[in-house]
Asker: 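Let me give you the structure first, and then I'll get to my questions.
A, B, ... follow the sequence lines: proteins, then strands. Residue 1 opens every chain.
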Protein chains: 2
Amino acid sequence: MTRRHQQIAEALRRAIADGRHPVGSALPSEAQLADAHGVSRGTVRQALAALLAEGLIGSRQGARHLVLSTAPGQSLTELRSFARWARAGGHRPGGQVLDSARGTADGEEAALLQLPPDAEVLRVLRVRTLDGEPVLLERTVYAGWIADAVEELPADCESVTQALLDSRGPVFAHGEHHLDALAAGTVDAQKLRVRRGSPLLRVRRTTATAEGRPVETADDRYRPGEVVFSVRNSTQANPLARARAD
Amino acid sequence: MTRRHQQIAEALRRAIADGRHPVGSALPSEAQLADAHGVSRGTVRQALAALLAEGLIGSRQGARHLVLSTAPGQSLTELRSFARWARAGGHRPGGQVLDSARGTADGEEAALLQLPPDAEVLRVLRVRTLDGEPVLLERTVYAGWIADAVEELPADCESVTQALLDSRGPVFAHGEHHLDALAAGTVDAQKLRVRRGSPLLRVRRTTATAEGRPVETADDRYRPGEVVFSVRNSTQANPLARARAD
DNA sequence: GAGTGGTCTAGACCACATT
DNA sequence: ATGTGGTCTAGACCACTCA
């Protein structure tokens with residue numbers, strides 16, 4: 001049971017991806033779209049707002065919506081798994097669990113996962129490879145309630161996300177990512193085959209279910225040169241924006 | 001002449017910041033807000049959508065909007081200028097143009113800015129400070145058509161974004177950001193006062209007008225430890241549900 | 001069961017862009 | 001002058017939450 005505005009947004013995304021609305025061209029007017037889909041203009045505007053937020057189209061008062069790009073590439077706004085992302089880029093993903101141990105959450109972990117202090121967690125150290133080359137060292141802390149499902153996975157499991165989706169349904173819905181840079185420590189250097197002190201891109205992330213229940217929190221360190229994170233954004237998504245510094 | 005929904009959004013932001021709606025509390029219902037401001041529910045929903053996108057509030061069908069945090073975190077989903085972001089965090093932003101020169105676009109620049117080969121561009125090297133400390137080295141390439149407006153700005157201009165907004169109207173509407181890590185080069189090290197080879201967070205970004213016309217492309221290098229980029233996302237469309245204050 | 005947010009409608013007026 | 005998107009209204013129904 002999808003909503004009308006979601007269906008219309010999806011239809012427009014497909015039309016743009018297929019080239020029926022090439023980059024640089026104008027979309028039909030809101031009134032025309034409303035007519036074509038048999039809905040009111042408000043519903044069409046709801047659909048267009050989604051594409052606006054994705055940066056797929058632009059708009060100016062008085063002129064029609066313009067197609068700006070065909071499809072967002074790898075983007076943090078899509079919560080994709082490492083394996084999915086790798087395959088989308090034509091690479092062969094791999095992975096290996098180096099360590100896996102149960103323990104109790106420390107203060108920070110408990111806060112991130114919204115667990116009581118000293119709650120049980122599962123810590124996993126995993127290296128991820130792209131075409132055989134190690135590119136990512138992943139330190140993940142899973143909340144206790146999901147730990148069993150994770151421990152049952154094989155050590156060389158290609159996609160934890162996919163495996164959990166199959167066994168437990170859609171577990172990941174929301175994510176918060178913090179990105180910064182840091183120097184490789186001893187373990188990082190050894191596992192990623194770089195020199196100690198060389199720059200790494202760090203992504204600290206926490207993901208949660210649709211209800212907002214945290215599932216895992218992780219510290220991912222990427223070898224530079226192999227992976228770039230992209231974010232596309234827009235001020236027009238919602239009419240906030242506007243400056244006025246005080 | 002500000003729109004009603006912007007006024008209401010601003011009033012709600014102030015009320016949240018002032019503690020009149022503490023974190024964890026529920027906002028008045030949409031109907032109550034509509035009544036209080038003398039507008040229809042649709043207008044109130046437009047205002048709430050802005051706060052939703054900023055991550056200030058969350059919503060669930062059937063329950064009232066919840067206050068999630070008092071101030072929006074630095075997020076790539078908001079296109080804010082360095083100066084605005086710094087002030088929001090209670091810091092004093094500064095900046096200095098180190099170099100500014102006209103030239104012709106190389107192949108990569110021309111592609112990013114969608115200009116013909118050898119088109120005229122303006123290259124600016126700028127250091128940005130937070131409370132007097134250099135934290136960001138910015139190499140920006142402006143398209144020729146905006147170069148005049150940029151060159152007229154004072155070298156110690158605090159906010160280029162703001163200055164351009166005042167003189168040229170809303171110039172920045174869409175952005176694409178690519179994040180990775182790299183080692184500080186000689187110039188980076190000197191200007192950011194770090195050792196050569198120490199890790200930096202690099203953000204390569206291109207911003208465009210609402211019509212999709214590229215304005216500038218930049219290579220920003222951040223000293224680590226000072227700045228963290230955050231991205232919040234969701235598998236669902238816009239709704240930005242939960243949050244976690246640090 | 002009452003209240004609330006999510007969705008949708010069918011109008012309307014204005015500011016802006018294009019012709 | 002006409003068409004377009006931006007804004008706003010005053011309703012309506014449904015799915016959901018909560019007491």
Asker: Please report the distance, rounded to the nearest Å, between CG in B:Leu48 and P in C:dG6.
Answerer: 9 Å
Asker: Run through A:Thr104, A:Thr217, A:Leu115 and flag the one making a side chain to side chain contact (heavy atoms under 4.5 Å, CB included) with A:Val121.
Answerer: A:Leu115
Asker: When we call it a touch if two heavy atoms are under 4.0 Å apart, what does B:Arg41 touch: a base, just sugar-phosphate, or nothing?
Answerer: base
Asker: Under 4.0 angstrom, heavy atoms only, what part of the nucleic acid is B:Arg4 near: base, sugar-phosphate, or nothing?
Answerer: sugar-phosphate
Asker: Return the value, rounded to whole Å, for the distance between atom CG of B:Leu33 and atom P of C:dG5.
Answerer: 8 Å
Asker: Is there a side-chain contact between B:Arg3 and the phosphate of D:dT7, meaning an N or O under 4.0 Å from OP1 or OP2?
Answerer: no
Asker: Taking only the side-chain nitrogens and oxygens of A:Thr43, find out if one of them lies under 4.0 Å from OP1 or OP2 of C:dT9.
Answerer: yes
Asker: Between atom CD in B:Gln46 and atom C1' in C:dT7, what is the gap in whole Å?
Answerer: 15 Å
Asker: Between B:Glu30 and B:Arg64, is the closest basic N to carboxylate O distance under 4.0 Å?
Answerer: no
Asker: Does B:Gln61 put a side-chain nitrogen or oxygen below 4.0 Å from OP1 or OP2 of D:dT17?
Answerer: no
Asker: When the distance from CZ of B:Arg45 to P of C:dG5 is rounded to whole Å, what number comes out?
Answerer: 9 Å
Asker: Between A:Val39 and B:Gln32, which has a closest nucleotide on DNA chain C that is more 5'?
Answerer: B:Gln32
Asker: I'd like to know whether A:Asp180 forms a salt bridge (charged side-chain N to carboxylate O under 4.0 Å, His left out) with A:Arg202, so could you lay out the CA-CA distance, the side-chain angles of the two residues, the decisive distance to 0.1 Å, and finally the verdict.
Answerer: CA-CA 5 Å; A:Asp180 62 0; A:Arg202 173 169 64 171; 3.0 Å; yes
Asker: Specify the separation, in whole Å, of atom NE2 of A:His37 and atom P of C:dT7.
Answerer: 17 Å
Asker: Roughly how many Å is it from CD in A:Gln6 to P in C:dT7, rounded to a whole number?
Answerer: 7 Å
Asker: Can you establish whether the number of heavy atoms outside A:Glu10 located under 6.0 Å from its atom CD is more than 12?
Answerer: yes
Asker: In whole Å, I'd like the distance from the NE2 atom of B:His5 to the C1' atom of D:dT9.
Answerer: 14 Å
Asker: Give a yes/no on whether any side-chain N or O of A:Arg60 is located under 4.0 angstrom from OP1 or OP2 of D:dG6.
Answerer: no
Asker: Which pair of heavy atoms, one from A:Leu51 and one from A:Ile16, lies closest together, and at what distance?
Answerer: CD1-CD1, 4.1 Å
Asker: Starting at the 5' end of DNA chain C, which residue's closest nucleotide do you reach first, B:Ala63 or A:Ala63?
Answerer: B:Ala63
Asker: C:dG3 C1' sits how many Å from B:Asp35 CG, rounded?
Answerer: 16 Å
